[in-house]
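First listed ligand is number 1; within each ligand, the first listed atom is number 1. These numbers come from the heavy atoms of this one structure, side chains and all, not from hydrogens, waters or symmetry mates. Count residues from 1 along the sequence.
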Amino acid sequence: MSLTIDRDRLSSEIDTLASFSDAEAPAVTRIVFTPTDLKARAWMKARCEEAGLTLRQDAVGNMFARWIGSDPAAPVVGTGSHIDAIPNAGKYDGVVGVLGGLEAIRALRQAGFRPRHSIELLIFTSEEPTRFGIGCIGSRLLSGTLSADAARKLADKDGDALDEVRRRAGFGGELEQVKLPIGYYKAFIELHIEQGPRLERQQIPLGIVTKIAAPASLRISIEGSGGHAGGVLMPDRHDALCAAAELILAIENAARNSGAIDTVATVGICDVFPGAVNSIPSRVRLSVDIRDTDLQRRDLVMRTLEAACNTVSTGRGVSIHTELLNADAPADCAPAIIEALSQSCRHHELTFLPMVSRAYHDSLFMARIVPVAMLFIPCLNGYSHRPDEYAHPDDIARGTLVLAETLAALSA
Ligand SMILES: [Zn+2]
């Protein structure tokens, strides 16, 4: 079978999808269930229909576009990713896996391939945590990692419940029905930009992921006491922001001193109340993200953080409350899919790097119900989640080719 990937069509589709954005180009902002997201979904749907795929959407808006195999009852071979984008992001994160997956299917059809197992393109709802504070809502529900009850408790910062928002966006039915039965999928492969610099630095065209790092996120609320910036003297202060500053550095130190390069910790949000120049901060909320490929090491960082909260709370006379939002286990990719990807790389004489995914992806959750693997392509300077995120069309086409061939091998 000789496969032709239409590199230029794929590039132009990536550009078109990027035009559905709430930020000015080249930045892309596409938050789940906003009118812009719904327009992008409608455009995606039309592309899938054009490709002859059969569409289905579930109650949380996960979209499944299926090429029905000659044995429709056999477990499905899946591929896909997400199209939501954080504020001021780029146009490749997630999108490469969705449009690359679609192009892979089109290439296989055009080559006259006929799968025995159905092949399905899956577009996950809300991989990014922007709106509801938790990432991978679609794949968490599909895999049963997030219960329908817990999902119903999610709300955005305006207090709008996920359950309401998704219904208003046109996704009816019960969230209980989202979970997929074990055995629905035979295999799942996600094509993605690396979001790190290794492939580019080593000039290797492809990365085959062997392990996906485990993220944990926490919210920390610090309650001190406010007052007039002139009136309250230093010995009497219980400044919540100063307490937060100590905690932020303690978190950084805990990750730096873990003994492994794979440990990373970030405080990405710091909300200060009341936020006036002449008022002592009385309340601060921090959002913390800690990741590792090793669960025990990550948990040690979390215990160190807990100890720092106690020390700072006592030392400064502030109360500190931590809330664990999620703490997921890392996933191992499936050896059989890794082997199929490797074989395709060897067939095309493409070198590849076995690597760890330090960012998490929907595949992390899909791994609970189906053997998964991920295929990475280089991105410029490793940049991601920023407007200058860039992947070369040749790299995207190469990843798509290897994906297509692997889908063929697994679905035959
Ligand atoms: Zn992504």
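Put simply, the side chain of L3 does not reach to within 4.5 Å of the side chain of F113, judged on heavy atoms.
Remark: the T34 side chain and the T36 side chain contain no N/O donor-acceptor pair separated by less than 3.5 Å. A donor atom on one side chain and an acceptor atom on the other are found under 3.5 Å apart for D292 and T263. With 3.5 Å as the limit, one finds a donor-acceptor pair spanning the side chains of E190 and S81.
Residue pairs meeting the salt bridge (Lys or Arg N to Asp or Glu O under 4.0 Å) criterion with at least one partner in residues 350-375, sequence neighbours excluded, are D262-R358.
Annotation: protein N, O or S atoms under 2.8 Å of the Zn ion (ligand 1) (waters excluded) comprise H82 NE2, D93 OD1, H192 NE2.
One N or O on the side chain of T125 and one on the backbone of G61 form a donor-acceptor pair closer than 3.5 Å.
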